[in-house]
Amino acid sequence: MASEIDLEKKIEETRAYNCIECGICTGSCPVSRVNPDFSPRLFVEKLLLGPKDEILLDKELWSCLTCKTCSVRCPATVDYNEFMRAARVLAREAGYEGVDSHAGVLRSIMELHAKGFKPKGTSWVDESLKTRKTGEDFYFVGCLPYFDVIFRNIELTSTPIANAAVKLMNKVGITPVVSENERCCGHDFFWSGHNDEFEKLAKYNQKLILDAGAKRVIFTCPEGYHTFTKVYPTVLGKLGFEVVHITDVLLEKAKKGELKFRPAAGLPPATAPLREGKGAGPGESQTDSGSAPAPIKVTFQDPCRMGRMMGHTEGMRELLGLIPGVELIEMPRNRQDAVCCGSVEWVSCVQCDKEIQLGRLAEAKRTGASILVTACPKCRIHLTCAKYDKDRDVDIEIRDIVSLVLDSVE
Amino acid sequence: MADKRRSNVVIFTCSWYPAIAADNAGVTNQQYPSDARIITLACAGRLTPALILDAFGAGARGVLVAACKTELCHYVNGSLTCKEIVEETKDLVELLGIGAKRLHLETFDSEDGQRFAEVVSEFCGKIEKLGMVDVDAVPK
């Protein structure tokens with residue numbers, strides 16, 4: 001069978017033979033913690049010992065979040081992420097699929113983009129924003145306009161992030177290209193095993209950006225940023241433009257003094273840390289008696305695609321540190337060890353994912369922070385969705401880093 | 001499918017009143033375009049945005065949704081749910097460049113055989129005028 005040969009090759013490439021069965025992967029996996037049926041180690045063992053097709057049939061193949069915690073910690077340097085992805089590509093070829101979340105609407109949208117439908121996604125651009133049709137800097141908005149429609153049921157709008165991003169770019173003298181024909185970056189197709197469609201999307205987007213004459217593409221979404229930086233070159237070769245994340249652009253401008261900060265407007269006051277079980281942080285409580293207002297405590301959720309997969313953790317923290325009156329308190333699991341927001345690539349969102357999200361929200365709450373800052377629109381959606389469950393007491397405001405920065409610049 | 005004159009309309013009908021209306025249209029010898037294909041759902045409330053988008057992806061040039069009159073729904077709020085879903089999908093279809101004109105919701109009673117044929121004919125005519133959905137070729 002052709003697929004078996006490919007799988008053999010992938011085992012070689014991802015160094016799955018190196019597995020020493022230590023179980024660090026399963027011990028680290030946020031999914032295994034809440035779903036005992038899923039185990040990265042078991043997957044590798046099934047693959048090495050059992051019939052090769054067995055893992056393609058396994059429904060737990062779709063439970064992996066591809067958050068890379070296991071790969072980062074593996075002493076034998078097995079690349080689980082790539083391994084899972086390859087298995088998904090083969091599973092799809094063999095006709096097995098995961099269960100799409102949101103009744104498959106996001107998958108349908110991505111498919112239509114890959115089929116060449118011409119999107120018109122710039123209704124969020126208002127007169128206050130300066131944009132252009134061609135130019136040096138291209139702002140890649142991603143799926144934000146679609147999220148506005150799909151996540152109405154949890155009362156969440158995502159285009160304000162794009163709006164804030166363009167406002168900030170205008171403030172530092174950048175007039176970005178915003179194209180209405182921009183397609184999905186293909187991140188979710190790539191990780192859920194739709195290889196052919198992913199390649200089509202990559203080609204469409206590369207052509208669009210080159211046609212606009214752009215030299216640099218700016219992202220607000222870490223998934224798009226990672227896909228363009230790390231994955232597109234494997235399909236397209238040389239991209240012909242530079243890829244940057246907006247926080248890096250803003251940080252550079254702030255260091256040059258082109259972006260001036262003031263205390264953030266309209267932030268809620270800090271709350272006392274929630275003492276709950278043994279997991280409570282070490283002595284964070286503090287009663288202010290001085291005349292100066294107490295700093296607003298925030299905590300930060302590292303997106304997997306930025307932190308573990310790209311190694312970008314400090315830039316965003318530096319940017320937050322520049323905002324006066326904001327104090328960053330780290331969650332116990334931060335940077336490379338940050339927990340995934342619990343759902344990726346719009347496949348398989350089940351009770352386990354909710355548990356991961358609620359656990360993460362409780363962890364954020366325990367730091368005593370009143371705001372959880374995210375740098376990924378999808379983290380914001382997933383955590384807001386978990387919070388939306390009114391039965392649970394997880395009252396913490398979730399803000400995107402871009403809109404927080406906009407609220408605190410002059 | 002490449003025939004430009006065809007309207008290629010998909011009709012999602014609820015299995016209750018709209019399906020009976022469609023049946024009545026046949027029984028009473030009403031004429032409507034033959035390139036409109038009916039897909040029956042157990043309840044119009046079971047329609048999802050993905051089903052509508054997939055119909056466009058499969059080559060439909062228009063999608064007509066036939067639900068029961070709100071007060072006649074067999075499942076309390078199925079017809080209302082359907083209305084919400086169609087509203088949401090209209091926004092998505094607009095974002096995807098297909099155009100909200102290509103998606104239409106109509107409610108029916110069981111006796112509406114003649115009206116069913118009229119609505120379908122009118123919608124197919126409209127779609128025929130709109131033509132095919134504009135699609136880009138994959139860059140080399």
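In what follows, chains carry the letters A, B, and so on, assigned in the order in which the sequence lines appear, proteins first and then strands, with residues in each chain numbered from 1.
When the shell of 6.0 Å around NZ of B/Lys69 is examined, it contains more than 12 heavy atoms from other residues, nucleotides or ligands. Shown here is B/Arg46, whose CZ atom has no more than 12 heavy atoms of other residues, nucleotides or ligands within 6.0 Å. Heavy-atom contacts from other residues, nucleotides or ligands closer than 6.0 Å to NZ of B/Lys83 number 12 or fewer. Within 6.0 Å of CD in B/Glu122 there are 12 or fewer heavy atoms belonging to other residues, nucleotides or ligands. Counting non-hydrogen atoms of neighbouring residues, nucleotides and ligands closer than 6.0 angstrom, the CH2 atom of A/Trp62 exceeds 12 such neighbours. Shown here is B/Glu71, whose CD atom has more than 12 heavy atoms of other residues, nucleotides or ligands within 6.0 Å.
Contact count against chain B (heavy-atom pairs under 4.5 Å) is highest for A/Val105 among A/Val105, A/Asp100, A/Asp148. Highest contact tally toward chain A, considering only B/Leu51, B/Asp54, B/Val133, B/Thr48, is held by B/Asp54 [criterion: heavy-atom pairs under 4.5 Å]. Between chain B and the options A/Gly121, A/Ala114, A/Ala103, the largest number of non-hydrogen pairs under 4.5 Å is found for A/Ala103. The most heavy-atom pairs under 4.5 Å with chain B, out of A/His102, A/Arg152, A/Glu199, A/His113, come from A/Arg152.
No part of A/Thr122 comes within reach of chain B, as not one of its non-hydrogen atoms sits under 4.5 angstrom from that chain. Contacts between A/Leu106 and chain B at a heavy-atom distance below 4.5 Å are absent for every atom of the residue. Only the backbone of B/Glu94 comes within contact range of chain A, with at least one heavy atom under 4.5 Å from a heavy atom of that chain. Proximity to chain B is absent for every atom of A/Leu201, based on heavy atoms less than 4.5 angstrom apart.
You'll find the side chain of A/Asn153 stays beyond 4.5 Å of the side chain of B/Glu88, heavy atoms only. Using a 4.5 Å heavy-atom cutoff, the side chains of B/Ile98 and A/Leu112 are in contact. Side-chain atoms of B/Pro139 and A/Leu208, non-hydrogen and from C-beta on, never get closer than 4.5 Å to each other.
To the nearest 0.5 Å, the span separating NZ on A/Lys120 from CG on B/Leu96 amounts to 10.5 Å.
Ion pair B/Asp136/A/Lys207 not flagged as a salt bridge, since none of the NZ, NE, NH1 or NH2 atoms sits closer than 4.0 Å to an Asp/Glu carboxylate oxygen.
Here the closest heavy-atom approach between residue B/Phe56 and residue A/Phe117 is recorded as O-CZ, 3.6 Å. The two residues B/Leu95 and A/Ser123 make their nearest non-hydrogen contact at CD2-OG, 4.3 Å.
For the pair A/Lys118 (side chain) and B/Gly97 (backbone), a donor-acceptor distance under 3.5 Å is absent.
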